[in-house]
Amino acid sequence: MMATQTSQAQTADSTTEAAREIVSRDPATGEEVGRVPVRSPEEVERAVERARAAQKSWGALSFRERGGCVLRAREIVLREMEEIAELISIETGKPIAEAVSMEITPTLDLMQYFARRAARLLKPEKLDIGLYRLLGRSSRIVYRPLGVVGIISPWNFPWAIPLGEVVLALMAGNAVVLKPSELTPLVGLKIGGVFTRAGLPEGVLEIVTGDGSTGQSLTVAGVNKIMFTGSVATGRRVAEAAARTLTPVVLELGGKDPMIVFDDADINAAAGAAVWGAFANAGQACASVERCYVHERIATDFISRVVERAKALKQNVGTREGTDIGAMSSERQLRVVEEHVGDAVARGARVLAGGRRAEGFSEGGAFYEPTVLTGVDHTMTVMREETFGPVLPLMTFATEDEAVRLANDSPFGLTASVWTRDIRRGERVASQIEAGTVMVNEVLYTHGIAQTPWGGVKQSGIGRTHGRLGLLELVAPHHIHVNRLARLHDVWWFDYTPQAATLFRGLARRFATGSALQTMLLAPQMLRRFRSRK
Ligand code: NAD
């Protein structure tokens, strides 16, 4: 399948000769899928200018009008689901079934949810300002658009990640400049095309294709916020560059997500979850199960079920029906996996399944077998760094404390999962784990729930996407404070007479307790001060 950017690009700036091109390739075959230009810093700046101009009228529309456009885009996605799933599969290597279940379905849900609910989620809020109300004051928060939001996205969920953020940003009244990954530019352009056909005004969503240099240009192009999803190393570079202009950033970074399986867990379900959590999208999810800790009493049974299931996975080209696991999205990522597995094996890990590049595919295909490792420990790269591939290393533990300690022994903290039939224990353990999301008896999937926040702690990132917390990242809280007793001079204004100084001390002792009763004791002094002022 060949595609060019011209039919879908919203931003193709025909006046510039694009000096460089990106060739998008199918990682299952190495074949070219299409070409797009690497947008220059000037082109990125112009895209931001166009977005800034378009935002004014977009931001002035009602939520209902903005939601109408998102719902029309949703209809197009629904109609073109097969074509979109195929494009995602061809650019990433993932099975078509997974493109539908893990990318398209969650975004269809997210689109309807935020199109209909953003108004309520961003409703102006009256604040309880305590005793200041007695002085005729009131405060409320109005949420205003930020302006232009820059979104820089990765290749592993090239549809769901940028599209979700685009929808939230648009519903909040912003214009967007999106820089999709250089590995999946055509999916990025497809997002732009869908919104254009849905009637989104020109300039409100600009797609700038390119590589890291284009992302770098966008970071410093004067946008009002950067929503970055990618690796820790790049996230750090983005934060450093953004710091120079004090551009706020949300960073959604890597993970090394642990799964803890207690001895009272449903072993069969937990084994199924471990295999899906580790091998879905060929393990290339930020929330993949990257470490599994199983209670020693059930370890033998659990591990043999995991191995059996891993070996039964059907690995093939993503567009073939029945494929469970496709190619990895790039040869580069496959080499990282080889390095981690090689290091583990050299230091004594046992390979119970996989452990090598899969054979029988075309020469350019980046296929790696689903791999299960035991005999690993926390000195090995495979237990410390993000592998981002189809590898499931397993360790045993004896006590709850040990499981928590092992789970927290990581620089990352994106998601974690705890398996037990005892929900109270599950929640107790969940509350001790350092991660943005901890699931009890679930793995990986909550990015797909539009209502729940997504984001990490430690090196997994800063800020949130999705849910109300994610929407709040995309607005400026505007505090409006009103004094209805405007005739009176505040007691704390000049002049600072000896009586005033005494009253201030009284306020410190009584008013600042938050107690109306205590404050009432100051009423005579306050009245005297009000009367003494002109
Ligand atoms: P990456 O960091 O290599 O690239 C991400 C994006 O940043 C790409 O669009 C890239 O072109 C751009 N970029 C590169 N250099 C840049 C620079 N100097 N300034 C601005 N932009 C730049 O990441 P990747 O390989 O595309 O994605 C894989 C990583 O993403 C993994 O670490 C994974 O865990 C993480 N990820 C995190 C989440 C999350 O929600 N936390 C979700 C998906 C992926």
Side-chain angles (χ1 to χ4, degrees), residues 22 24 27 36 38-39 41 44 91-92 102-103 106 150-162 164-165 177-185 187-188 207-221 223 226-244 247 249-257 280-290 328-337 385-389 411-415 435-437 444-448 452-466 470 473:
I22 289 172
S24 172
V36 298
V38 175
R39 295 292 177 196
V44 172
E91 266 201 322
T92 62
M102 294 180 80
E103 300 232 47
I151 298 177
I152 301 174
S153 54
W155 45 264
N156 63 333
F157 288 95
W159 177 264
I161 291 174
E165 291 177 0
V177 180
L178 164 63
K179 206 298 277 175
S181 166
E182 53 273 47
L183 291 184
T184 53
V187 176
I207 315 289
V208 288
T209 51
D211 54 17
S213 68
T214 315
Q216 211 170 357
S217 309
L218 180 55
T219 308
V220 296
V223 295
I226 286 284
M227 303 289 292
F228 171 82
T229 309
S231 61
V232 174
T234 313
R236 198 170 280 128
R237 281 197 284 278
V238 167
E240 279 168 6
R244 274 179 240 136
T247 303
V249 291
V250 165
L251 302 176
E252 301 289 345
L253 310 178
K256 191 74 198 168
D257 296 4
N281 205 29
Q284 302 163 116
C286 49
S288 290
V289 173
E290 289 238 347
M328 296 192 62
S329 296
S330 73
E331 185 63 31
R332 200 177 111 201
Q333 197 57 41
L334 189 146
R335 281 201 289 276
V336 173
V337 172
E385 290 176 17
E386 188 179 40
T387 307
F388 220 56
F412 295 101
L414 188 57
T415 82
T437 294
L444 177 62
Y445 89 117
T446 67
H447 190 268
T452 59
W454 185 262
V457 298
K458 301 200 271 189
Q459 299 212 349
S460 288
I462 298 171
R464 295 292 178 266
T465 61
H466 292 191
E473 297 277 6

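Both ligands and their constituent atoms are indexed starting at 1 by order of listing.
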Colleague: Please state which protein non-hydrogen atom is closest to atom 28 (C) of ligand 1 and give its distance, to 0.1 Å?
Modeller: Phe388 CE2, 3.7 Å
Colleague: Where does the angle between the aromatic ring planes of His447 and His466 fall among parallel (under 30°), tilted (30 to 60°) and perpendicular (over 60°)?
Modeller: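 Geometry flag for His466 against His447: tilted rings.
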Colleague: What is the nearest protein non-hydrogen atom to atom 18 (N) of ligand 1, stated with its residue, atom name and distance?
Modeller: Arg237 NE, 3.9 Å
Colleague: Grab the two heavy atoms, one from Leu178 and one from Pro162, that are nearest each other, plus how far apart they are.
Modeller: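 That would be CD1-CB, 3.7 Å.
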Colleague: Please report which non-hydrogen protein atom sits nearest to atom 7 (O) of ligand 1, along with the residue it belongs to and the distance in Å to one decimal place.
Modeller: Phe228 CE1, 3.2 Å
Colleague: Where the closest heavy atom to atom 5 (C) of ligand 1 is concerned, which of Thr229, Thr234, Leu218 has it?
Modeller: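 Nearest heavy atom to atom 5 (C) of ligand 1 lies in Thr229.
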Colleague: Numbering the atoms of ligand 1 from 1, which are under 4.0 Å from a heavy atom of Glu386?
Modeller: 31 (C), 32 (O), 33 (C), 34 (O)
Colleague: Using a 4.0 Å cut-off to any heavy atom of Val238, which atoms of ligand 1 qualify?
Modeller: 19 (N), 20 (C)
Colleague: Looking at Glu103 and Trp159, would you say the former's side chain and the latter's main chain have a donor-acceptor pair under 3.5 Å?
Modeller: yes
Colleague: Of the side chain and backbone of Asp211, name the one, both, or neither that has a heavy atom under 4.0 Å from an atom of ligand 1.
Modeller: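 Answer for Asp211: backbone.
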Colleague: Could you tell me, atom by atom, which parts of ligand 1 come under 4.0 Å of a heavy atom of Ser181?
Modeller: 9 (O)
Colleague: Out of Gly230, Ser153, Pro154, indicate the one that has the non-hydrogen atom closest to atom 8 (C) of ligand 1.
Modeller: Ser153
Colleague: Counting from 1, what ligand 1 atoms have a heavy atom of Ile161 closer than 4.0 Å?
Modeller: 42 (C), 43 (C)
Colleague: Using the rule given for side-chain contact (heavy atoms from CB on, under 4.5 Å), can you reason through Phe388 versus Asn156, listing the C-alpha separation, both sets of side-chain angles and the distance that settles it, and then say yes or no?
Modeller: CA-CA 10 Å; Phe388 220 56; Asn156 63 333; 3.3 Å; yes
Colleague: Measure from the side-chain N and O atoms of Ser329 to the backbone N and O of Thr92, and report whether any donor-acceptor pair falls under 3.5 Å.
Modeller: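 Pair found, side chain donor or acceptor close to backbone of Thr92.
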Colleague: Between Phe157 and ligand 1, find which residue part has any heavy-atom pair under 4.0 Å and reply side chain, backbone, both or neither.
Modeller: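 Neither part.
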Colleague: Specify the closest pair of heavy atoms between Pro185 and Val36, including all atoms of both residues, with the distance to one decimal.
Modeller: CB-CG2, 3.6 Å
Colleague: Would you check if there is a donor-acceptor pair between the side chains of Glu91 and Thr184 at a distance under 3.5 Å?
Modeller: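 No, no side-chain donor-acceptor contact under 3.5 Å.
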Colleague: Which of the atoms of ligand 1 are close to Gly212, meaning less than 4.0 Å from one of its heavy atoms?
Modeller: 11 (O), 13 (N), 14 (C), 15 (N), 16 (C), 17 (C), 19 (N), 22 (C)
Colleague: How far is atom 24 (P) of ligand 1 from the closest protein heavy atom, and which atom is that?
Modeller: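 The closest heavy atom on the protein side is Trp155 NE1, 3.3 Å.
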Colleague: Look at atom 39 (C) of ligand 1 and find which of Gly210, Cys286, Gly254 reaches it with the closest heavy atom.
Modeller: Cys286
Colleague: Which residue and non-hydrogen atom of the protein lie closest to atom 37 (C) of ligand 1, and at what distance in Å?
Modeller: Leu253 O, 3.0 Å
Colleague: Considering heavy atoms of the protein only, find what lies nearest to atom 23 (O) of ligand 1 and give residue, atom and distance to 0.1 Å.
Modeller: Ser231 N, 3.4 Å
Colleague: Counting only N and O atoms by type, is there a donor-acceptor contact under 3.5 Å from the side chain of Asp257 to the main-chain atoms of Thr415?
Modeller: yes
Colleague: Could you find the nearest protein heavy atom to atom 40 (O) of ligand 1 and give me its residue, atom name and distance?
Modeller: Trp454 NE1, 2.8 Å
Colleague: Under 3.5 Å, which donor-acceptor pairs do the side chains of residues 232-241 form with other protein atoms, sequence neighbours left out?
Modeller:
residue	atom	partner	partner atom	Å
Thr234	OG1	Ser231	OG	3.0

Colleague: What protein heavy atom lies closest to atom 21 (N) of ligand 1? Include the residue and the distance to one decimal.
Modeller: Gly215 CA, 3.5 Å
Colleague: Relative to the heavy atoms of Asn156, which atoms of ligand 1 are at a distance of less than 4.0 Å?
Modeller: 43 (C), 44 (C)
Colleague: Checking Lys256 against Ser460: is there a side-chain donor and acceptor pair closer than 3.5 Å?
Modeller: no
Colleague: Closer than 3.5 angstrom, by distance alone: can the side chain of Gln333 be matched with the main-chain N or O of Thr387 as a donor-acceptor pair?
Modeller: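 Pair found, side chain donor or acceptor close to backbone of Thr387.
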Colleague: Hey, is the main chain of Val44 close enough, under 3.5 Å, to the side chain of Ser217 for a donor-acceptor pair?
Modeller: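 No.
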Colleague: Without swapping roles, check the side chain of Glu473 against the backbone of Val250 for a donor-acceptor pair under 3.5 Å.
Modeller: no
Colleague: Considering only heavy atoms of Ile152, which atoms of ligand 1 have at least one such atom less than 4.0 Å away?
Modeller: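 Ligand 1 atoms under the 4.0 Å threshold to Ile152: 6 (C), 7 (O), 9 (O), 12 (C), 20 (C), 21 (N).
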Colleague: Could you list the atoms of ligand 1 found under 4.0 angstrom from a heavy atom of Lys179?
Modeller: 8 (C), 9 (O), 10 (C), 11 (O)
